[in-house]
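One structure is given here, and the rest of the page talks about it.
A quick note: this is a predicted structure, and the numbers were derived from the prediction, not measured. Throughout, protein chains are lettered first and strands after them, A, B, ... in sequence-line order, and every chain is numbered starting at 1.
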Amino acid sequence: MPRRGSEPDGRLAKAGRSRDAAIAFKLAFSSNVFPISSGVPISGNELRSITSKSRPRSSRSSRLLSRLRVANSKSIFFFCFPAFLIDNPMSSDCRKPYPFDQIEPKWQVIWDERQIFHAPNSGEKNFDSRKPKFYVLDMFPYPSGAGLHVGHPEGYTATDIIARYKRMRGFNVLHPMGWDAFGLPAEQYAIKSGQHPAVTTRENVAKFKSQLKRIGFSYDWQREINTTDPGYFKWTQWIFLQIYNSWFNPKTNKAEPIKTYRGKNPDEVRLAYVADVPVNWCPELGTVLANEEVVDGKSEVGGFPVVRRPMRQWMLRITAFAERLINELEGLDWPEGIKLLQRNWIGRSEGAEIDFKIENQDAKIRVFTTRPDTLYGGTFLVLAPEHSLVDLIVTEEQWPAVRAYREKTARKSDLERAELTKEKTGVFTGAYAVNPANSKKIPIWIADYVLLGYGTGAIGGVPAHDERDLEFAKKFDLPIVEVVQPTGKEPAIGFTGEGIAINSPIINGLTSAQAKRKIAAWLEERGQGKRAINYKLRDWLFSRQRYWGEPFPIVWESEADGQHRKHRALDQTELPVVPPPLEDYKPTGTGEPPLAKAKDWIRYSKEAARETNVMPQWAGSCWYYLRFCDPWNDKRFVGEKAEKYWMGGPKPGGVDLYVGGTEHAVLHLLYARFWHKVLFDLGYVSKPEPFQRLVNQGIILGEDNQKMSKSRGNIVNPDDVIEQYGADAFRCYEMFMGPLEQMKPWSMRGVEGIARFLARVWRLMMSENQAGKWELSSAVQDVDLTKAQQKILHATIKKVTGDIESLSFNTAISQMMIFVNAFTTAESIPLSAMQTFLILLNPFAPHLSSELWENVKLPGQITEQPWPGYDEKFLIEDEVEIVIQVNGKVRDRMNMSIQASEEELKAAALANPKIQQLIAGKIVQKTVIVPKKLVNIVV
RNA sequence: GCCGAUGUGGCGAAAUGGCAGACGCAACGGACUUAAAAUCCGUUCCUGCGAAAAGCGGGGUAUGGGUUCGAAUCCCAUCAUCGGCACCA
């Protein structure tokens, strides 16, 4: 069945008449409750379930319902032919509020053919260097098989309004779209069907693209990119090489080429390195999962158990940039909440590292603490069970217990380990350490509440002033020593706040802050410790045992001993490294990536084999905003000039507005910032940050106020909405629902309301003649505006302009409704006012406003018009209504001249008979006068 | 447990120190129509006095306090919902 708009020709003519029949056909076939071939009559209930997306009483579906009944009773073969072949005799009553089904495809074709939203780069034809640039970007989607849902176009509509608005304001606007197309679903599908992921991806992209085009977005499609395109991932691999070939120089606080490193082994400091790290291994799926793919200790897909297991993995040294990633948030116009989320994720904490001597051993145990001032209260040490020193220090008699505990811990998942919040567990190692502050002998334990991955993997237990240590000490009967005196009345034991140091000879009487500084200096002098900063952020696990991702541009070469292999980067001329074709995408089950099955591909040379891991899905999205600046470049990941222009400007971030969901608040946005900083340090890009202004759109819930999901059956498909109400109504409704950043439920009735508004705009200028054809209304005339019309027009210009700037699209639409309501009753419709109004409406409803612009035979294209300005003088009235309050309560109002002085206002208010009645016999204590607004009389 | 956001009619919301509920939905009434749809007009927070209408009054923005001439808006506490983090030393 041909979808409307899917064929280049003839779609305008065909679309209208058979539409309802087509809907009926589609509904009937899409529903399993309707046995078409058998011709069994259907019940009203079944019909209602077919059409239950809109309530049965809504006009369109009830008409549909009656049509279905008629068809069903009269001739069952109505459903046996493709509906578009049937010339439905009843289609004459198929009245749309306005002919959006003809207007919208028409303008989409015009925009496409004339390429009017193409933004030329400097040096190209039509590039106007006098205009300022504006880069407005959406988070590009993963083109899933399910197609677009109504959540996607929410942010996309917002950015489209901004893009269209900014063009009219005289900016060169970069507004591109692309596909984040590497990823698990296409690969899973390949495993099931044997269909190559590239094929699935191509199909899904085509579907997404046609859906987006149908909404009328003004993307520059010439700049479309796809992360799975070799012409794109060649440069993803190239950037990886830059990272691999760099190190972080702590002296300059920058990434530098590895050749500037003076140490012996550069492999120790590269920003991309190989390490054995514990990963989320899912035996059932036969693959490693990213942290975000693990929910409550189980795989997000399938709910299979996930275990921690050490594996050899590629890592990126993002932790080197932790400090800058925190500090440089400052200059960005991001929601404070998102900045906070990133800061918390990075988790910087200041403190000290302290060395504890082990009794009868040479080794020392280094612990990290944020409270060095509590050192005197340290009555035991705890090591993470996996800590490497455990083997060394554990005593003979404690060995069996320690080994058993370690085994038990290893078997636990992270979830189980965290679950045991109530009962602390642990085992004494038999060894003792010496507290450097008071030289006391303290026992060394191991416990799973100490994590190997944070700090040094060891802590000094200060039970008096740390909840966890207190719990542990109570359970195992360890001594508790108070060393901080609270300033309030609370008991000292269990007090974790700042107070006054006690029982601590060196720092007694000092505040916690002073004590921290003094004890750190004291330790430093004696070589027993130093100030230190720690981060929760870990290095980025960058390899995946999957097929559908970017292969690493790395080979492993045999060493002289024939045993060990050493990684080496490929030369940039050898890019792209394209994944081999595979028959079988299935995971091997051993943790070896599927690429290992491509034996020929792996063999790079006699001595060297290719890396078989692939990059995670984040890789492609880490730099796509850069590629959009210059997507055709085959010499460089982005041309220098193009990058400078589109990513330039006075602020630290390049993209002027970036809109997307909060789900990427941490990972994508952090990873992209990290890559950008590396490229910046190496001199490849001109700004330290990728995204200047960030806005998160809120989630759209189903009509039942629940999250949209297949299982709940409350998913709204944009195609269905556009089919019924048109793309302009869809766009406007998405914006009218409420504030962009807020979570809000969908309502089909609401869409209807917006469709009515757009139809009123249409009928304001168009009327239907005898023959049922739309023609320009005779009411539209070249007449002067009344004073009231002048005022409302300028108020509308002001409000819509301001609201677009602040992304308050819902109230902008409200104001346009007020405008239309006011003009609906007018006898003649002033052309000049409508001309201005159409420009204001254009970013929201581009098809409708373009068509009306053309119908009124206004000069040029609406998209080329300059944005209107407003004149404050039309907004000011001679008289204003002044509210009179008595003790803050409104008692009356009066009209006063705009020029009335405070004294005049006061006198008029006091003279008001109603007010006089109310204040009779009372003494006026005070009057508050707000010019042009109110008078408040206090008695 | 910690951090953050939010809380206003039957519903989506507006107002960010000055007339609470703009605009839209829904409901009800009216006009047009043979009828329906569509369209247009009107009404709709709660409550007291009045037979009713007009009119006059009281209360109301999660709850309880506070600041202010004046609070949905600012401050404190509590509750609820949503999101993030979660033994991070």
Check whether any side-chain N or O of A:Arg893 sits under 4.0 Å from OP1 or OP2 of B:C19, and answer yes or no.
->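 Checking B:C19 against A:Arg893, no side-chain N or O comes under 4.0 Å of OP1 or OP2.
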Could you pick out which residue, A:Lys744 or A:Arg348, lies toward the 5' side of RNA chain B when each is mapped onto its nearest nucleotide?
->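 Checking each residue's closest nucleotide, the 5'-ward one belongs to A:Lys744.
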Specify the residue among A:Asp469 and A:Gly738 whose closest nucleotide of RNA chain B lies further upstream toward the 5′ end.
->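 Mapping each residue to its closest nucleotide by heavy atoms, the 5'-most match is A:Gly738.
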Touch class at under 4.0 angstrom, heavy-atom based, for [X] against every strand present:
X        : value
A:Thr369 : sugar-phosphate
A:Val930 : base
A:Gly347 : nothing
A:Glu336 : nothing

In whole Å, measure the gap between the [atom1] atoms of [N] and [M] for me.
N     : M     : atom1 : value
B:U16 : B:A71 : C1'   : 11 Å
B:A20 : B:G70 : C1'   : 14 Å
B:A35 : B:G48 : P     : 40 Å
B:G9  : B:C25 : C1'   : 13 Å
B:G7  : B:A14 : P     : 9 Å
B:U44 : B:A37 : P     : 24 Å
B:U81 : B:U8  : C1'   : 15 Å
B:U67 : B:C3  : C1'   : 28 Å

May I ask you to decide if [Y]'s main-chain N or O and [X]'s side chain share a donor-acceptor pair within less than 3.5 Å?
X        : Y        : value
A:Asn714 : A:Ser709 : yes
A:Asp728 : A:Leu848 : yes
A:Ser814 : A:Asn810 : yes
A:Asp448 : A:Pro385 : no

Output the residues of residues 809-817 of chain A in contact with RNA chain B, where contact means a heavy atom of the residue under 4.0 Å from an atom of the strand; sort by number or write none.
->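 When residues 809-817 of chain A is checked for heavy atoms under 4.0 Å from RNA chain B, the hits, listed by number, are A:Asn810, A:Thr811, A:Ser814, A:Met817.
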Rounding to a whole Å, what distance do you find between [X]:[atom1] and [N]:[atom2]?
X        : N     : atom1 : atom2 : answer
A:Ile929 : B:G17 : CD1   : P     : 21 Å
A:Asn696 : B:U6  : CG    : C1'   : 15 Å
A:Leu758 : B:G24 : CG    : C1'   : 13 Å
A:Leu740 : B:A13 : CG    : C1'   : 15 Å
A:Asp803 : B:C23 : CG    : C1'   : 12 Å
A:Lys933 : B:A20 : NZ    : P     : 14 Å
A:Tyr733 : B:C23 : OH    : C1'   : 14 Å
A:Asp373 : B:A89 : CG    : P     : 14 Å

Say whether A:Thr425 and A:Tyr405, considering side chains only, have a donor N or O and an acceptor N or O under 3.5 Å apart.
->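 Per modelled atom types, A:Thr425 and A:Tyr405 side chains form a pair under 3.5 Å.
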Does one side chain, of A:Asn696 or A:Thr662, offer a donor that lies under 3.5 Å from an acceptor on the other?
->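 No donor-acceptor contact under 3.5 Å links the two side chains.
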Name the orientation class of the two ring planes belonging to A:Tyr449 and A:Phe472 (parallel below 30°, tilted from 30 to 60°, perpendicular beyond 60°).
->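 The arrangement is tilted - the two ring planes meet at 30° to 60°.
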Determine the interplanar angle of the A:His668 and A:His664 rings, folded into 0 to 90°, and report it as parallel if under 30°, tilted if 30 to 60°, perpendicular if over 60°.
->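 The arrangement is perpendicular - the two ring planes meet at more than 60°.
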What about A:Phe380 and A:Trp445, are their ring centers closer than 6.0 Å?
->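 They do not qualify: ring centres at least 6.0 Å apart.
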Validation row, ring centre A:Tyr725 to ring centre A:Phe730 under 6.0 Å =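 For A:Tyr725 and A:Phe730, the ring centres are not under 6.0 Å apart.
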Regarding [X] and [Y], does a basic nitrogen lie under 4.0 Å from an acidic carboxylate oxygen?
X        : Y        : result
A:Glu336 : A:Lys339 : yes
A:Glu423 : A:Lys475 : yes
A:Glu498 : A:Lys516 : yes
A:Glu386 : A:Arg406 : no

Is B:G29 in the syn range, within 90° of 0, or in the anti range?
->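 Base orientation relative to the sugar is anti.
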For B:G7, does the O4'-C1'-N9-C4 (purine) or O4'-C1'-N1-C2 (pyrimidine) torsion place it in syn, i.e. within 90° of 0, or in anti?
->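 This nucleotide is in anti.
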B:C45 - base-pair partner by Watson-Crick or wobble geometry, distances under 3.5 Å =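 Checking every strand shown, B:C45 finds its partner in B:G59, with both distances under 3.5 Å.
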Using Watson-Crick or G-U wobble geometry with both distances below 3.5 Å, tell me the partner of B:U81, or none.
->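 Paired with B:U81, as far as the under-3.5 Å criterion goes, is B:A5.
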Which donor-acceptor pairs under 3.5 Å do side chains of residues 450-467 of chain A form with protein atoms, sequence neighbours excluded?
residue	atom	partner	partner atom	Å
A:Tyr454	OH	A:Ser349	OG	2.8
A:Thr456	OG1	A:Arg366	O	2.6
A:Thr456	OG1	A:Ala458	O	3.4
A:His465	ND1	A:Phe495	O	2.8
A:His465	NE2	A:Val483	N	2.9
A:His465	NE2	A:Val484	N	3.0
A:Asp466	OD1	A:Arg468	N	2.9
A:Asp466	OD1	A:Arg468	NE	3.1
A:Asp466	OD1	A:Asp469	N	3.0
A:Asp466	OD2	A:Arg468	NH2	2.5

Do any N or O atoms of the protein come closer than 3.5 Å to N or O atoms of nucleotides 39-43 of chain B, and which pairs are they?
residue	atom	partner	partner atom	Å
B:U39	O3'	A:Arg763	NH2	3.2

Nucleotide N/O of nucleotides 54-58 of chain B paired with protein N/O under 3.5 Å:
residue	atom	partner	partner atom	Å
B:G58	OP2	A:Arg891	NH1	3.4

After noting the C-alpha distance and the side-chain angles of A:Tyr733 and A:Trp746, does the key distance pass the ring-ring contact (aromatic ring centres under 6.0 Å, His included) rule?
-> CA-CA 9 Å; A:Tyr733 177 65; A:Trp746 187 267; 4.9 Å; yes
Mind listing the closest non-hydrogen atom pair of A:Leu375 and A:Asn435 along with its distance?
->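 Scanning both residues, the minimum pair turns out to be O-ND2, 2.9 Å.
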All N/O pairs under 3.5 Å across the protein-nucleotides 69-74 of chain B interface:
residue	atom	partner	partner atom	Å
B:C69	OP1	A:Lys926	NZ	3.4
B:C69	O2'	A:Asn936	ND2	3.4
B:C69	O2	A:Asn936	ND2	2.3

With A:Thr796 as reference, evaluate A:Leu840, A:Val820, A:Thr801 under the side chain to side chain contact (heavy atoms under 4.5 Å, CB included) test and give the passing residue.
->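 Exactly one candidate clears the test, A:Leu840.
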Of all the nucleotides listed (B:C23, B:G4, B:A20), which has the minimum atom distance to the side chain of A:Ile818?
->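 Of the options given, the side chain of A:Ile818 lies nearest B:C23.
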Under 4.0 Å protein heavy-atom contacts per nucleotide of nucleotides 77-85 of chain B, with B for base, S for backbone only and - for none | -----SSSS
Given salt bridge (charged side-chain N to carboxylate O under 4.0 Å, His left out), test A:Lys744 with A:Glu154 step by step and report yes or no.
-> CA-CA 11 Å; A:Lys744 44 211 177 278; A:Glu154 189 191 8; 2.5 Å; yes
